[in-house]
Amino acid sequence: MQLASFTNRSPQLVQTLEALAQRQNHQEIADALMQELCGITVLVAKKFSNDRTADGILEAYYLTLGCISLGISQADIPDNTEAQLSFLLNHGAEHVFQMGFRHIKELSSLPYVAFVSDFDNDSFVQQRNVKALFSEICRADPNTTWSGDETFRKERLDRQVNKNIIDCAKWLRKKHYNGAIQDADLDANAVIAIAVIFSIMGDGRIVARTGQKDIENLINRARDSKPDFEAGWEKLLKKVPPEYHYILRERMDEHRGTIIKKILSKAKIKSVLTEIQDYYAGNELEVDYP
């Protein structure tokens with residue numbers, strides 16, 4: 001059995017301070033840097049923790065340490081302590097902190113899930129999300145290992161995927177066969193699932209929202225005509241911008257041996273209908289009869 005490997009690594013700021021300590025005549029530079037770090041810590045305590053308690057100041061110190069480390073880690077510089085130290089001294093701790101915090105704000109603007117709601121535009125919710133991400137990613141104890149930069153990279157990749165899924169769903173909504181869908185709320189995975197499921201008929205329609213009767217009719221028509229669903233999917237792909245093809249192909253691969261197989265099988269129509277409603281149509285289902 002192969003064991004997973006773990007890299008023990010202190011925050012980048014700690015590494016750069018250790019490198020500074022190795023330089024000759026570093027005291028004046030170190031004093032100025034520490035004063036700057038103290039000033040940032042006080043500001044962070046006032047805004048994000050509590051500047052009136054020792055625990056609040058300590059928490060702000062951890063957040064400052066991690067945020068500057070994040071700024072260093074995302075900078076376009078060689079991955080070594082000397083380069084990172086030079087970058088920090090040339091730009092100043094406050095500037096590097098602001099770089100790290102901008103990364104957090106940009107990450108917060110990307111969707112955590114592939115779902116859009118009116119609440120996403122609420123300023124209180126947005127500020128709360130920034131604060132939560134700031135605490136989750138940037139909290140760094142200098143006496144322990146830190147992986148906030150890796151957490152940030154992974155979270156950014158995941159959220160970018162969610163954004164692409166949402167953009168694909170929005171495009172499908174605009175092209176809905178019965179007119180563009182304008183609702184503010186959007187269940188992106190459901191929109192894509194519906195479009196993939198209904199395109200098996202190969203009739204050229206893009207379906208981005210559906211109802212119970214439409215699903216039942218689809219099942220009956222598919223069982224009567226036995227459509228070439230692969231050809232139907234190719235027709236859909238020809239209409240959709242290339243940047244969304246990989247998303248649709250992933251869903252086609254997922255659905256081919258599952259729900260599509262059941263639609264074309266002799267399984268009870270009611271059970272297939274219920275499965276589509278419960279696991280695929282999501283919030284994009286229009287309930288048109290009990």
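As a basis for the values below, the full set of heavy atoms in this structure was taken, side chains included, without hydrogen atoms, waters or symmetry mates. Quick note: residue numbers are just sequence positions, from 1.
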Requested in this report: Kindly work out whether a path of hydrophobic side-chain contacts (I/L/V/M/F/W/Y, heavy atoms less than 4.5 Å apart) joins Leu110 to Phe115.
Outcome: no

Can you give each donor-acceptor pair under 3.5 Å made by side-chain atoms of residues 162-169, sequence neighbours left out, with the distance rounded to 0.1 Å?
unit_1 : atom_1 : unit_2 : atom_2 : d
Asn162 : ND2    : Pro111 : O      : 3.2
Asn162 : ND2    : Tyr112 : O      : 2.9
Lys163 : NZ     : Asp167 : OD2    : 3.0
Asn164 : OD1    : Gln160 : NE2    : 3.3
Asn164 : ND2    : Gln160 : O      : 3.4
Asn164 : ND2    : Tyr246 : OH     : 3.1

Query raised in the report: When hydrophobic residues are tied together by side-chain contacts of less than 4.5 Å, even through go-betweens, does Ile192 share a cluster with Tyr279?
Result: yes

Report task. Would you check if the side chain of Asp122 reaches a backbone N or O of Phe124 as a donor-acceptor pair within less than 3.5 Å? Result -> yes

Query - Evaluation steps, side chain to side chain contact (heavy atoms under 4.5 Å, CB included), between Leu285 and Ile215 - result: CA-CA 10 Å; Leu285 177 69; Ile215 297 172; 3.9 Å; yes

Query - Residues, nucleotides or ligands: over 12 heavy atoms within 6.0 Å of Asp224 CG - result: yes

Report summary line: Tightest non-hydrogen contact, residues Gly56 and Ser49, listed as O-OG, 2.7 Å

Query raised in the report: Testing Val196, Ile200, Ile263 for side-chain contact (heavy atoms from CB on, under 4.5 Å) with His255, which one passes?
Result: Val196

Query raised in the report: Say you draw a straight line from NE2 of His176 to CD1 of Ile181; how long is it, rounded to the nearest 0.5 Å?
Result: 4.5 Å

Query - Leu43 with Leu58, same ILVMFWY side-chain cluster at under 4.5 Å - result: no

Requested in this report: Show the numbers, then the answer: is there a salt bridge (charged side-chain N to carboxylate O under 4.0 Å, His left out) between Arg153 and Glu150?
Outcome: CA-CA 5 Å; Arg153 291 188 186 99; Glu150 290 302 322; 2.7 Å; yes

**Report entry** Distance in Å, Met99 CE paired with Ile72 CD1, rounded so as to fall on 0.5 Å steps
**Finding:** 9.0 Å

Query raised in the report: Any chance CD of Glu94 has more than 12 other-residue heavy atoms, nucleotides or ligands included, within less than 6.0 Å?
Result: no

Requested in this report: Mind checking the CD-CD1 spacing from Glu284 to Ile194? Nearest 0.5 Å is all I need.
Outcome: 6.0 Å

Report summary line: For Leu236 and Ala195 the tightest heavy-atom approach is CD2-O, 4.0 Å

Report summary line: Separation between CD1 (Ile57) and CG (Asn50), nearest 0.5 Å, reads 8.0 Å

Report summary line: Closest heavy-atom pair, Phe87 versus Gly71, reported as atoms and distance to 0.1 Å, is CE2-O, 4.5 Å

Report task. Specify the closest pair of heavy atoms between Thr64 and Phe97, including all atoms of both residues, with the distance to one decimal. Result -> CA-CE1, 4.1 Å

Query raised in the report: Between Arg205 and Tyr177, is there a donor-acceptor pair closer than 3.5 Å when you use the side chain of the first and the backbone of the second?
Result: no

Query raised in the report: So which heavy atom on Ala114 is nearest to which on Asn189, and how close?
Result: CB-ND2, 3.7 Å

Query raised in the report: Asp185 and Asp118: which non-hydrogen atoms are nearest, and at how many Å?
Result: OD1-N, 3.4 Å

Report task. Considering only NZ, NE, NH1 and NH2 on the basic side and carboxylate oxygens on the acidic side, decide whether Lys268 and Glu275 come within less than 4.0 Å. Result -> no

Requested in this report: Could you walk me through whether Leu107 and Val130 pass side chain to side chain contact (heavy atoms under 4.5 Å, CB included), step by step?
Outcome: CA-CA 8 Å; Leu107 180 62; Val130 169; over 6 Å; no

Report task. May I ask you to decide if Ser10's main-chain N or O and Gln15's side chain share a donor-acceptor pair within less than 3.5 Å? Result -> yes

Requested in this report: Ignoring hydrogens and angles, tell me if any N or O in the side chain of Gln126 forms a donor-acceptor pair with the backbone of Asp120 under 3.5 Å.
Outcome: yes

Query raised in the report: Between the main-chain N or O of Gln12 and the side-chain N or O of Ser69, is there a donor-acceptor pair closer than 3.5 Å?
Result: yes

Query raised in the report: Arg173 side chain to Ala180 main-chain N or O, any donor-acceptor pair under 3.5 Å?
Result: no

Query raised in the report: Counting distance only, does the side-chain N/O of Arg156 pair as donor-acceptor with the main-chain N or O of Glu106 below 3.5 Å?
Result: no

Requested in this report: With rounding to the nearest 0.5 Å, note down the distance linking CZ in Arg128 to OG in Ser123.
Outcome: 11.5 Å

Query - side chain to side chain contact (heavy atoms under 4.5 Å, CB included) between Arg223 and Val272, intermediate numbers included - result: CA-CA 12 Å; Arg223 291 182 176 184; Val272 179; 3.8 Å; yes

Query raised in the report: Can you list the steps and then say if Glu234 with Arg249 is a salt bridge (charged side-chain N to carboxylate O under 4.0 Å, His left out)?
Result: CA-CA 10 Å; Glu234 288 302 317; Arg249 287 192 184 280; 3.5 Å; yes

Query raised in the report: Going through the distances and angles, do Leu70 and Ile104 end up as a side chain to side chain contact (heavy atoms under 4.5 Å, CB included)?
Result: CA-CA 9 Å; Leu70 180 64; Ile104 294 296; 3.7 Å; yes

**Report entry** Test item: Thr41 side-chain N/O and Leu37 main-chain N/O as donor-acceptor pair under 3.5 Å
**Finding:** yes

Query raised in the report: Is the backbone of Leu13 close enough, under 3.5 Å, to the side chain of Thr16 for a donor and an acceptor to pair up by distance?
Result: yes

Query raised in the report: Arg209 side chain to Glu286 main-chain N or O, any donor-acceptor pair under 3.5 Å?
Result: no

Query - Member of Gln74, Lys154, His103, Arg9 meeting the side chain to side chain donor-acceptor pair (under 3.5 Å) criterion with Asp149 - result: Arg9

Query raised in the report: Atom CD1 of Ile247 and atom CG of Leu172: how far apart are they, to the nearest 0.5 Å?
Result: 9.5 Å

Query raised in the report: Are Phe119 and Val113 connected in the hydrophobic side-chain network, where two residues link if heavy atoms are under 4.5 Å apart?
Result: no

Query raised in the report: Taking atom types as modelled and ignoring hydrogens, do the side chains of Asp31 and Gln35 form a donor-acceptor contact shorter than 3.5 angstrom?
Result: no

Requested in this report: Check whether any side-chain heavy atom of Met252 lies under 4.5 Å from a side-chain heavy atom of Phe229, and answer yes or no.
Outcome: no

Query raised in the report: What residue pairs, at least two apart or across chains, pass ring pair (Phe, Tyr, Trp, His ring centres under 6.0 Å) with a residue in residues 186-217?
Result: none

**Report entry** Co-membership, hydrophobic cluster, residues Met201 and Val207, 4.5 Å side-chain
**Finding:** yes

Query - Pair listing, ring pair (Phe, Tyr, Trp, His ring centres under 6.0 Å) test, anchored in residues 15-67, at least two apart - result: Phe48-Phe101, Phe48-Phe134

